[in-house]
Amino acid sequence: MKALLNQKNRAPLAFAVMALLLVAVGMGQSWPFALAILNLCLISAVMSLGVNIQWGYAGLLNLGVMGFTALGGLAAVLVSEAPVLEAWSVGGQGMAVSFLLVVITIVLSILVYRNMAANWQRRLTLATLYIGAYFVINHFYRPAVYAIESVNPASTGFLGGMGMPIIFSWVLGGIMAAGVAWVVGKITLGLRSDYLAIATLGISEITIAVLKNEDWLARGVKNVAGLDRPVPFELDLQATPWFIDMVQSLFSGRLAALIDTERTDALNQLVIQSSSVFVKLCYTGLFTVVLVVILLLSMKALNSPWGRMMRAIRDNEEAANAMGKNVVRQHLQVFVLGSAVVGIAGAMLVTLDGQFTPSSYQPLRFTFLVWLMVIVGGSGNNLGAVFGGFFIWFMWIEAEPLSIAFMDLVTAGMDQASGLREHLLKSAPHLRLFIMGLTLLLTMRFMPKGIIPEETRLHTV
Amino acid sequence: MPEFIDILNAIVLFSNFVLVPAASYGAQLALGALGITLVYGILRFSNFAHGDTMAFGTMTVILVTWGFQSMGISFGPLPTALLALPFGIVGAIALTLVFDKTVYKFYRTKNSAPVIFVIVSTGVMFMTNAIVRLIIGPSDQRFRDGTKFIFRPREFKEFTGLSEGLALKSTQVLTLTVALICVAALFYFLQKTRTGKAMRAFSDNKDLALLSGINPDRVVLITWILVAALATTAGTLYGLDKSFKPFTYFMLLLPMFAAAIVGGIGSPIGAVVGGFVIAFSEVIVTYAYKKFFIYLLPESLEPSGLMQFLSTDYKFAVSFIILVVVLLIRPTGIFKGQSI
């Protein structure tokens with residue numbers, strides 16, 4: 001028990017338990033299933049690291065995680081899809097002009113803002129500028145959208161992407177999320193802390209609304225499926241000689257025990273199963289690299305003078321300000337960094353799914369679940385955030401069969417035909433929302449520092 | 001110049017699709033924003049569980065309404081839900097008080113930072129949301145009965161002889177009436193009664209209020225009772241006017257927060273004004289003005305497009321943009337609430 005309470009032993013113990021849980025799923029349910037959970041655990045851990053940078057390092061409340069995740073997803077489409085040349089030729093010009101006009105409007109408004117005194121004339125000028133710009137831009141934008149969306153709407157109807165390997169989207173996703181975070185942070189940081197929460201909640205809803213409705217961008221609710229993959233396809237693998245040879249040598253013992261006719265069938269079966277495991281392992285490898293790199297960088301940053309300053313600001317803004325630290329600027333910096341990490345995770349998620357479905361972004365799943373990961377894992381501790389990502393994702397997946405089992409137990413004594421029984425069984429999936437909420441409240445109350453708490457750094461004189 | 005009859009038609013058209021719906025939506029938002037502003041003013045945190053409290057209260061109303069309907073009890077031309085409203089309010093009060101005792105009280109006595117309250121309120125939101133989905137399910141529910149229209153578009157056309165019809169749904173009139181009564185009662189309570197004054201004093205300066213012997217537990221209790229009552233009323237009116245769906249109620253959080261902040265968070269009158277500001281902007285900006293201009297402009301100038309500023313899919317963006325503009329220009333809101 002004493003070893004458990006020791007902070008140093010917490011992290012290895014927690015990760016050992018996590019590994020055991022995953023192995024148990026592998027043995028009890030199936031290995032591909034365990035690997036699928038593991039891959040999403042890795043992505044969740046990256047997201048959780050991003051939120052931890054904002055909340056754990058600096059105490060910023062970002063309730064718009066979903067929006068930044070979706071931006072990362074959009075990046076995956078924009079990078080990997082082949083450009084739709086026909087759409088570019090009919091609408092590209094209009095889009096380019098609209099984009100240019102947006103840039104001009106922004107530049108003009110910054111000029112007006114800088115060069116006029118803060119009075120009603122300035123507001124009036126800005127308002128006129130925006131209203132005028134709205135009509136002018138619409139004049140070019142609407143026809144372009146119409147033209148693009150009518151190009152073969154059943155399969156394209158959008159501008160397409162850059163036709164590059166999807167792995168580059170992990171970078172672009174981070175950059176796009178960082179850009180949006182910069183704008184949001186610029187507006188709301190420096191105001192009261194919950195304004196950031198409300199503003200980020202709002203911007204994430206709007207991001208999703210844009211992704212759902214602007215078909216020219218990423219086909220909206222028509223979704224983009226069949227995205228490029230950074231790893232081989234299962235079917236290709238199954239026809240590749242070296243892969244078949246590898247499976248043959250791996251399972252040579254089991255195959256040797258069979259007679260000739262059965263052996264080819266068994267080998268085929270094994271090749272099919274192994275190909276799915278192999279692909280998942282490839283993803284695991286890629287995601288692990290990203291996670292480890294981000295984790296190392298985060299740990300390095302947290303232990304550097306920069307991290308010390310961030311913690312000082314978090315713990316006492318006024319004192320840090322008095323020491324000459326620009327609190328608003330540092331907050332903006334850390335907000336942008338954290339959002340970028342979330343964006344990277346969003347791009348990884350869409351890469352794994354192989355499709356971009358804007359309607360699948362739900363705030364409970366993509367914002368509040370990630371928060372739960374950070375808080376349960378241990379805010380302010382990077383290893384804690386990673387563990388939270390693993391553990392909460394695992395719970396989220398396994399809570400569903402558990403809820404169903406629980407409801408089965410509750411309703412066991414009831415009449416088979418009873419309406420209540422049917423209703424309870426049908427609503428079992430909602431039970432996991434309840435479990436997650438309860439977990440959050442219990443953690444906040446009894447273990448506010450999380451499972452792997454932040455290290456207390458004492459300077460002994 | 002357009003003819004007089006065309007101007008009348010345009011006005012009727014505008015009222016039918018913009019003024020009347022926006023007014024009733026505004027009243028619903030105002031009641032919701034009042035709840036947020038009360039929690040903010042007295043308990044000093046942004047309550048992210050407010051939308052789901054609304055959903056819980058409304059769900060109770062719906063269940064009781066169904067019970068009444070199956071017993072054959074009705075409220076004449078008015079919806080049965082009005083009879084069930086007190087039960088819903090009691091349900092929501094029970095819910096908020098249970099969460100206050102088990103969750104918020106701990107952090108209040110510890111004097112935790114507002115951010116901690118926001119986080120635990122999201123936990124409460126999760127749980128309330130789950131309870132609602134467990135009991136009534138995630139799908140759309142309609143529970144309106146009684147007379148649907150005060151007058152129908154056809155009746156209006158026959159009566160006035162105009163070519164545009166104006167519909168007045170009974171739920172719209174009901175919303176405005178009930179909201180007016182609630183707001184009047186709330187303001188009377190806050191301004192004139194001893195308890196109301198105690199609450200305002202508590203909101204203004206907590207330490208001074210405690211020194212004057214105001215019982216903080218009582219103030220908190222009454223706040224939650226008021227918040228639950230307002231939330232349930234707002235939710236029921238919204239559900240009668242449109243329909244009830246747990247997720248929609250969660251999504252109402254953003255316009256309600258926008259309303260409270262635009263009006264000046266912590267200021268009740270601000271919440272009411274903010275509610276109408278948000279609702280009218282949302283409807284005005286997303287309405288397609290094509291027909292409206294056809295009436296008013298000569299044929300040569302008739303618009304070709306829909307004349308819609310923003311597609312209805314972006315109505316949440318409207319409240320957000322107003323929110324951002326207010327935050328930039330006047331962070332305290334229209335009626336100087338508490339700020340920064």
Side-chain angles (χ1 to χ4, degrees), chain A residues 55 59-61 63 118 123 127 131 134-135 138 142 184 187-188 190-199 201-203 205-206 208-210 212-214 220 362-364 367-369 371-372 375 423-424 426-445 448, chain B residues 40 45-46 48-49 99 102-103 106-107 112-120 122-138 246-247 250-251 253-255 257-258 260-261 265 305 309-311 313-317 319-321 323-325 327-329 331 338-340:
Chain A
W55 168 245
L60 297 177
L61 193 58
L63 291 188
R123 282 180 203 162
I131 293 171
Y134 170 84
F135 284 105
N138 247 349
R142 294 250 162 125
V184 180
I187 295 170
T188 45
L191 294 170
R192 212 188 42 228
S193 58
D194 10 6
Y195 281 174
L196 180 70
I198 296 163
L201 185 76
I203 199 81
E205 296 295 349
I206 291 171
I208 302 301
V210 169
K212 274 186 189 163
N213 295 300
E214 298 302 311
Q362 298 283 337
L364 288 175
T367 297
F368 296 103
L369 200 65
W371 266 93
L372 196 59
I375 286 168
H423 175 83
L424 281 176
K426 205 174 64 188
S427 44
H430 307 307
L431 202 61
R432 67 177 181 175
L433 282 182
F434 189 85
I435 298 172
M436 293 298 148
L438 192 64
T439 314
L440 179 66
L441 291 179
L442 290 177
T443 314
M444 287 301 284
R445 175 79 171 259
Chain B
Y40 189 84
F45 70 95
S46 307
F48 277 78
F99 276 124
T102 52
V103 180
F106 173 76
Y107 300 98
S112 296
V115 179
I116 302 294
F117 277 97
V118 171
I119 292 177
V120 291
T122 60
V124 171
M125 179 192 84
F126 252 109
M127 291 185 71
T128 317
N129 194 301
I131 295 171
V132 172
R133 284 167 190 237
L134 269 174
I135 297 179
I136 205 164
F247 189 65
F250 166 76
M251 295 286 278
L253 204 57
L254 188 62
F257 264 118
I261 292 175
I265 195 154
F309 288 104
L310 212 56
S311 121
D313 305 307
Y314 290 127
K315 60 176 199 256
F316 285 107
S319 37
F320 181 76
I321 290 165
L323 178 69
V324 165
V325 170
L327 286 183
L328 287 176
I329 297 179
Q338 291 151 346
S339 142
I340 316 187

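Here is the naming used below: chain letters follow the sequence lines, and residue numbers restart at 1 for every chain. As the structure is a computational prediction, the values presented were derived from the model and not from experiment. Values reported hereafter were calculated over all heavy atoms of this structure, with side chains retained and with hydrogens, waters and symmetry mates removed.
- Proximity to chain B (any heavy atom under 4.5 Å) is shown, for A:L433, by both the backbone and the side chain.
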| request: Starting from the C-alpha separation in whole Å, work towards a yes-or-no answer on side chain to side chain contact (heavy atoms under 4.5 Å, CB included) for B:F126 and A:L438. | output: CA-CA 8 Å; B:F126 252 109; A:L438 192 64; over 6 Å; no

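- At a 4.5 Å heavy-atom cutoff, the contact between B:I135 and chain A is made by backbone atoms alone.
- Minimum interatomic distance between A:G202 and B:F320 (heavy atoms only, all atoms of both residues): CA-CD1, 3.7 Å.
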| B:T122 vs A:W371, side chain to side chain contact (heavy atoms under 4.5 Å, CB included): CA-CA, chis, key distance, verdict | CA-CA 10 Å; B:T122 60; A:W371 266 93; over 6 Å; no

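- Neither the backbone nor the side chain of A:I435 comes within less than 4.5 Å of any heavy atom of chain B.
- Of the two parts of B:V325, neither the backbone nor the side chain holds a non-hydrogen atom closer than 4.5 Å to a non-hydrogen atom of chain A.
- With a 4.5 Å cut-off on non-hydrogen atoms, A:P448 does not touch chain B at all.
- In this structure, the separation between CD1 on A:I198 and CG on B:L254 is 8.5 Å, given to the nearest 0.5 Å.
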| query | Should A:H430 and B:N129 be marked as a side chain to side chain contact (heavy atoms under 4.5 Å, CB included) after you check the CA-CA gap, both sets of side-chain angles, and the distance that decides it? | reply | CA-CA 9 Å; A:H430 307 307; B:N129 194 301; over 6 Å; no

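- Of the listed residues (A:L63, A:T439, A:V210, A:T188), the greatest number of heavy-atom pairs within a distance under 4.5 Å of chain B belongs to A:V210.
- For chain B, no part of A:V184 is nearby; none of its heavy atoms comes within less than 4.5 Å.
- Considering every non-hydrogen atom in both B:R133 and A:L364, the closest pair reads NH2-CD1, 4.4 Å.
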| task | Go through the steps for A:W55 and B:V115 under the test side chain to side chain contact (heavy atoms under 4.5 Å, CB included), then give the verdict. | result | CA-CA 10 Å; A:W55 168 245; B:V115 179; 3.2 Å; yes

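- For the set A:A209, A:A197, A:G59, the count of heavy-atom pairs under 4.5 angstrom toward chain B peaks at A:A209.
- At a 4.5 Å heavy-atom cutoff, A:R432 makes no contact with chain B through either its backbone or its side chain.
- Here A:Q362 contributes atom CD and B:F250 contributes atom CZ; the two are 9.0 Å apart, rounded to the nearest 0.5 Å.
- Counting only heavy atoms from C-beta outward, the side chains of A:Y195 and B:L323 never approach each other to under 4.5 Å.
- Within the 4.5 angstrom heavy-atom criterion, no atom of B:S319 approaches chain A.
- Residue with the most contacts toward chain B among A:T443, A:L372, A:N213: A:N213 (heavy-atom pairs, distance under 4.5 Å).
- Contact count versus chain A (heavy atoms, under 4.5 Å) is highest, among B:V118, B:V132, B:I119, for B:I119.
- Residues A:M444 and B:Y107 have side chains in contact (heavy-atom distance under 4.5 Å, counting atoms from C-beta outward).
- In terms of heavy-atom pairs under 4.5 angstrom with chain B, the leader among A:L440, A:L61, A:L441 is A:L441.
- Atoms CE and CZ, from B:M125 and A:F368 in turn, are 4.0 Å apart once rounded to the nearest 0.5 Å.
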